[in-house]
Undergrad: 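Got a structure for you, questions after.
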Amino acid sequence: MNDGQRANRKNITELVQPHLLDLPGYTPVEPVDVMARRLGVPEDRIAKLDGNENPYGPSPKVAEALSRYRYYHIYPDPAQRNVREAIGRYLDVDSEQVVLGSGSDELLALAAQLFLAPGDTLLDAPPTFGMYEFLGRLHNARIVEVPRREDFEIDMPALESALARGAKLLYLASPNNPTGNTLSPQDLDRLLSFNTVVVIDEAYAEFAGQTFVELTTHYDNLIVVRTFSKWAGLAGLRAGYAVFPKPLVPILWSMKVPYNLGVAAEQAVLASLEDADYLRDNVRRIVEERERMAARLNDLGWVRPYPSRANFILCEIQRLPARNVRDELRKRGILTRYFDSAGLHNCLRISVGRPRDTDRVIEALTEIGEGVRA
Ligand SMILES: Cc1ncc(COP(=O)(O)O)c(C=O)c1O
């Protein structure tokens with residue numbers, strides 16, 4: 001390229017789609033080693049309670065399967081046959097309806113790609129998982145917020161009138177992140193009567209013991225997205241899936257990039273489902289620990305835990321700035337997530353860890369709160 005040609009070249013960012021130039025990115029959590037270095041705390045002193053990960057990790061059968069596997073140099077099955085069939089058996093759904101991806105995030109994104117053209121309406125019910133708004137912005141959709149009520153239930157009259165005005169897509173998490181409450185079957189039934197696609201995000205469903213998967217055979221506008229990150233402890237391996245209504249399935253296979261689920265994730269999913277009872281035991285321990293942690297938090301007197309059916313507890317912090325409490329916990333190696341947005345004032349979300357993690361949280365909060373009671 002000569003100097004004249006160089007001078008005529010546009011700045012490369014001028015070629016980027018304009019709506020992407022000021023996209024506020026999704027804020028992810030940082031890994032343990034990065035946080036340990038940043039905080040000057042040894043890695044084994046980090047209690048990672050900011051990402052709703054599973055403290056018990058995967059089934060031991062996952063590591064065995066990964067070390068036994070001999071075809072890492074071969075592409076995965078593009079049709080995901082074995083894993084789809086295993087999930088079909090796990091959920092008692094037709095395996096044809098199942099599509100897997102790199103975490104449920106990829107399936108949430110696939111739903112947005114499938115339905116959202118620029119200017120289409122996406123309904124969002126905050127406070128909720130930030131990914132939905134992010135995906136709306138990514139696709140240059142018109143995002144209409146229908147805030148939840150004070151008790152974090154969805155606002156049905158407001159949602160129904162927004163749906164009546166016309167919307168392409170509505171994401172709802174059940175249990176909802178970060179609030180922990182579930183959606184009622186009666187409300188979902190009413191939402192599905194509109195010409196809008198409803199994506200139910202069941203990332204935490206195993207902790208709540210409630211699923212809407214079965215309804216995907218009766219409603220062609222319902223997609224249920226699920227993951228192995230939380231109940232099965234595979235967050236790092238990235239394995240999620242969605243159960244789609246049958247009419248959408250051929251379209252999905254033609255638009256999805258091939259080989260999006262790596263063989264390691266595939267083997268891990270198969271081994272996890274073979275050891276589902278072991279994993280369900282860990283889910284039971286987490287649910288028991290959630291209730292113990294909620295009671296201990298409540299006893300502090302200045303922390304108000306909201307009821308949760310997931311593997312985390314949202315707490316309203318009273319009489320202290322929640323951001324300072326988050327920072328004080330961090331200094332002690334305890335990572336939590338801070339929220340202060342519309343509908344979520346001065347809150348911390350604490351993932352449920354092992355009993356010893358809860359004990360550290362309570363001990364640290366007792367120290368931090370000294371004087372608050374006085
Ligand atoms: C409600 C919700 N959906 C989806 C995800 C993404 O999970 P995955 O690891 O399967 O991409 C999360 C992760 O925290 C979540 O909270």
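Just so you know, ligand 1 is whichever comes first in the structure, and atom 1 is the first atom listed for that ligand.
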Undergrad: As an exercise, identify every atom of ligand 1 less than 4.0 angstrom from a heavy atom of Gly103.
TA: 10 (O), 11 (O)
Undergrad: Examine Arg285 relative to Tyr56 and say whether NZ or CZ is less than 6.0 Å from the centre of the six-membered ring and inside a 45° cone about the ring axis.
TA: yes
Undergrad: Measure the acute angle between the ring planes of Tyr204 and Phe207, then classify it against the limits of 30° and 60° as parallel, tilted or perpendicular.
TA: tilted
Undergrad: Pull out every atom of ligand 1 sitting under 4.0 Å from any heavy atom of Ser229, numbered as shown with elements.
TA: 8 (P), 9 (O), 10 (O)
Undergrad: Which one holds for Glu106 and ligand 1: side chain close, backbone close, both close, or neither close, with close meaning a heavy atom under 4.0 Å?
TA: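 It is neither part, as no heavy atom is under 4.0 Å.
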Undergrad: Under the 3.5 angstrom rule, does the side chain of Asp281 hit a backbone N or O of Tyr278 as a donor-acceptor pair?
TA: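 Not a single qualifying donor-acceptor pair exists.
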Undergrad: Within 45 degrees of the ring normal and closer than 6.0 Å to the centroid, is that where the cationic atom of Arg349 sits relative to Phe312?
TA: yes
Undergrad: Using a strict 4.0 Å threshold on nitrogen-to-oxygen distance, state whether Arg226 and Glu206 make a salt bridge.
TA: yes
Undergrad: Taking 4.0 angstrom as the limit, do Arg360 and Asp357 come out as a salt bridge?
TA: no
Undergrad: Is the closest heavy atom of Arg238 to ligand 1 under 4.0 Å?
TA: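 Arg238 counts as a contact of ligand 1 under the 4.0 Å cut-off.
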Undergrad: Heavy-atom distance to atom 16 (O) of ligand 1: which of Tyr204, Phe312, Tyr132 wins?
TA: Tyr204
Undergrad: Asp105 heavy atoms, cut-off 4.0 Å: which ligand 1 atoms fall inside?
TA: 5 (C), 6 (C), 11 (O)
Undergrad: Return the residue, atom name and 0.1 Å-rounded distance of the protein heavy atom closest to atom 7 (O) of ligand 1.
TA: Ser104 OG, 3.2 Å
Undergrad: Is the shortest side-chain N to carboxylate O distance from Arg190 to Glu160 below 4.0 Å?
TA: yes
Undergrad: Report, in ascending order of atom number, the atoms of ligand 1 lying under 4.0 Å from any heavy atom of Thr227.
TA: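 Reading through ligand 1 atom by atom, the close ones are 8 (P), 10 (O).
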Undergrad: Starting from atom 3 (N) of ligand 1, find the nearest protein heavy-atom neighbour and note its residue, name and distance.
TA: Asp201 OD2, 2.5 Å
Undergrad: Check this for me - ligand 1, Asn177, N or O atoms closer than 3.5 angstrom, yes or no?
TA: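 Yes - when backbone and side-chain N and O of Asn177 are compared with those of ligand 1, one distance drops under 3.5 Å.
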Undergrad: Which of the listed options, Met131, Glu202, Lys230, holds the heavy atom that is closest to atom 13 (C) of ligand 1?
TA: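 Checking each option, the heavy atom nearest atom 13 (C) of ligand 1 is found in Lys230.
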Undergrad: Sub-3.5 Å donor-acceptor pair from the side chain of Ser104 to the main-chain atoms of Leu107, do we have one?
TA: no
Undergrad: Relative to ligand 1, is Ala203 under 4.0 angstrom through side chain, backbone, both or neither, heavy atoms considered?
TA: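 Side chain only; the backbone of Ala203 stays clear of ligand 1.
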Undergrad: Closer than 4.0 angstrom: is that true for some heavy atom of Asn52 and an atom of ligand 1?
TA: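 No; Asn52 lies far enough from ligand 1 that no heavy-atom distance drops under 4.0 Å.
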Undergrad: Between Phe129 and Tyr26, does the ring centroid distance fall short of 6.0 Å?
TA: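 Yes, they do, as the ring centres are separated by less than 6.0 Å.
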Undergrad: My understanding is that we take every heavy atom of each candidate and find the minimum distance to atom 12 (C) of ligand 1. Doing that for Tyr241, Phe129, Phe228, which one comes out nearest?
TA: Phe129
Undergrad: With sequence neighbours left out, what residues match Asp277 under side chain to side chain contact (heavy atoms under 4.5 Å, CB included)?
TA: Arg280
Undergrad: Could you tell me whether some N/O pair between Ser102 and ligand 1 is separated by less than 3.5 angstrom?
TA: no
